[in-house]
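Here is the structure we will look at.
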Amino acid sequence: GAVVSQHPSWVICKSGTSVKIECRSLDFQATTMFWYRQFPKQSLMLMATSNEGSKATYEQGVEKDKFLINHASLTLSTLTVTSAHPEDSSFYICSATGPGRYNEQFFGPGTRLTVL
Amino acid sequence: QQQVKQSPQSLIVQKGGISIINCAYENTAFDYFPWYQQFPGKGPALLIAIRPDVSEKKEGRFTISFNKSAKQFSLHIMDSQPGDSATYFCAASRVGNEKLTFGTGTRLTIIP
């Protein structure tokens, strides 16, 4: 149990375009989902926390207009990188937790974004 | 500032040996301490976790030791295998706040 999927697993886009990444909890209700960004050989950096049906809470320094997060259902959250630029190239990872999970976060496999 | 300090940054252990990774935290409100294993190009996977009501938790070859007074916890991997070669992250969170504070990671390499 506690499986989280992400789609796509990798994406290459041109500078200026927008990219949407999906995060799904496959076998539990994810009342809270988290989005992280990870640069090579570095730790995970939390970007935002989203609760189902409400606006995401962004960490300091993360542009909410650039990284749009939607958590419309108990199994799906999306991250849209708007007007992507090469500096947005990174590994994006989501995680999810839910009722009875006692702070346990279950991570997706990640999405590698490359902006040309 | 809530921080979790992790050491060492990298670790090389011979096959069959014991791998030990240490973490220290500052916030005494933390009450959940997980360890994650991450392979290159993959998301982190929950390995083992402990809460402060116990001083040790063992699952197979993996053991967490927890020292509440010293605000430290460590991961021990017994009989380390080449397949254990990965990056390990410790983390911490507290009741009422599900956000995880991560350590900086330890790159573990098991050599034959």
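As a basis for the values below, the full set of heavy atoms in this structure was taken, side chains included, without hydrogen atoms, waters or symmetry mates. Keep in mind that this is a model prediction, so the values were computed, not measured. Proteins come first, then strands; the chains are lettered A, B, ... in the order of their sequence lines, and each starts at number 1.
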Applying a strict 4.5 Å limit to non-hydrogen atoms, the region of B:Leu46 in contact with chain A is side chain

Dump the intermediate steps for side-chain contact (heavy atoms from CB on, under 4.5 Å) on B:Ile110 and B:Ser19, then the final yes or no.
-> CA-CA 9 Å; B:Ile110 307 301; B:Ser19 304; 3.7 Å; yes

Taking all non-hydrogen atoms of both residues into account, name the closest pair between A:Phe28 and A:Ala96 and its distance.
-> CZ-CB, 3.7 Å

Spacing of A:Leu44 atom CG and A:Ile93 atom CD1 [to the nearest 0.5 Å] = 4.5 Å

Identify the two heavy atoms, one from A:Cys23 and one from A:Val4, that lie closest to each other, and give their separation to 0.1 Å.
-> SG-CG1, 3.6 Å

Do B:Leu75 and B:Val4 sit in the same hydrophobic cluster, where Ile, Leu, Val, Met, Phe, Trp and Tyr count as joined when their side-chain heavy atoms come under 4.5 Å apart?
-> yes

Tell me, with the steps shown, if A:Phe67 and A:Leu79 meet side-chain contact (heavy atoms from CB on, under 4.5 Å).
-> CA-CA 6 Å; A:Phe67 299 100; A:Leu79 167 67; 3.8 Å; yes

Picking from B:Ala91, B:Pro40, B:Gly41, which has the most non-hydrogen pairs under 4.5 angstrom with chain A?
-> B:Gly41

Segment of B:Pro44 engaging chain A (4.5 angstrom heavy-atom cut-off) | both

Start with the C-alpha distance between B:Ile77 and B:Leu108, add both sets of side-chain angles, then the distance that settles side-chain contact (heavy atoms from CB on, under 4.5 Å), and finish with yes or no.
-> CA-CA 11 Å; B:Ile77 305 175; B:Leu108 174 64; 3.8 Å; yes

May I have a list of the donor-acceptor pairs under 3.5 Å that connect chain B with chain A?
| from | atom 1 | to | atom 2 | distance (Å) |
| --- | --- | --- | --- | --- |
| B:Tyr36 | OH | A:Gln105 | O | 2.9 |
| B:Gln38 | OE1 | A:Gln38 | NE2 | 3.0 |
| B:Gln38 | NE2 | A:Gln38 | OE1 | 2.9 |
| B:Gly43 | N | A:Pro109 | O | 3.2 |
| B:Arg51 | NH2 | A:Tyr102 | O | 2.3 |
| B:Ser93 | OG | A:Asn103 | ND2 | 2.8 |
| B:Arg94 | O | A:Asn103 | ND2 | 3.2 |
| B:Glu98 | O | A:Gln105 | NE2 | 2.8 |
| B:Glu98 | OE1 | A:Thr32 | OG1 | 3.2 |
| B:Lys99 | NZ | A:Glu59 | OE1 | 3.4 |
| B:Lys99 | NZ | A:Glu59 | OE2 | 3.0 |
| B:Gly103 | O | A:Ser43 | OG | 2.7 |

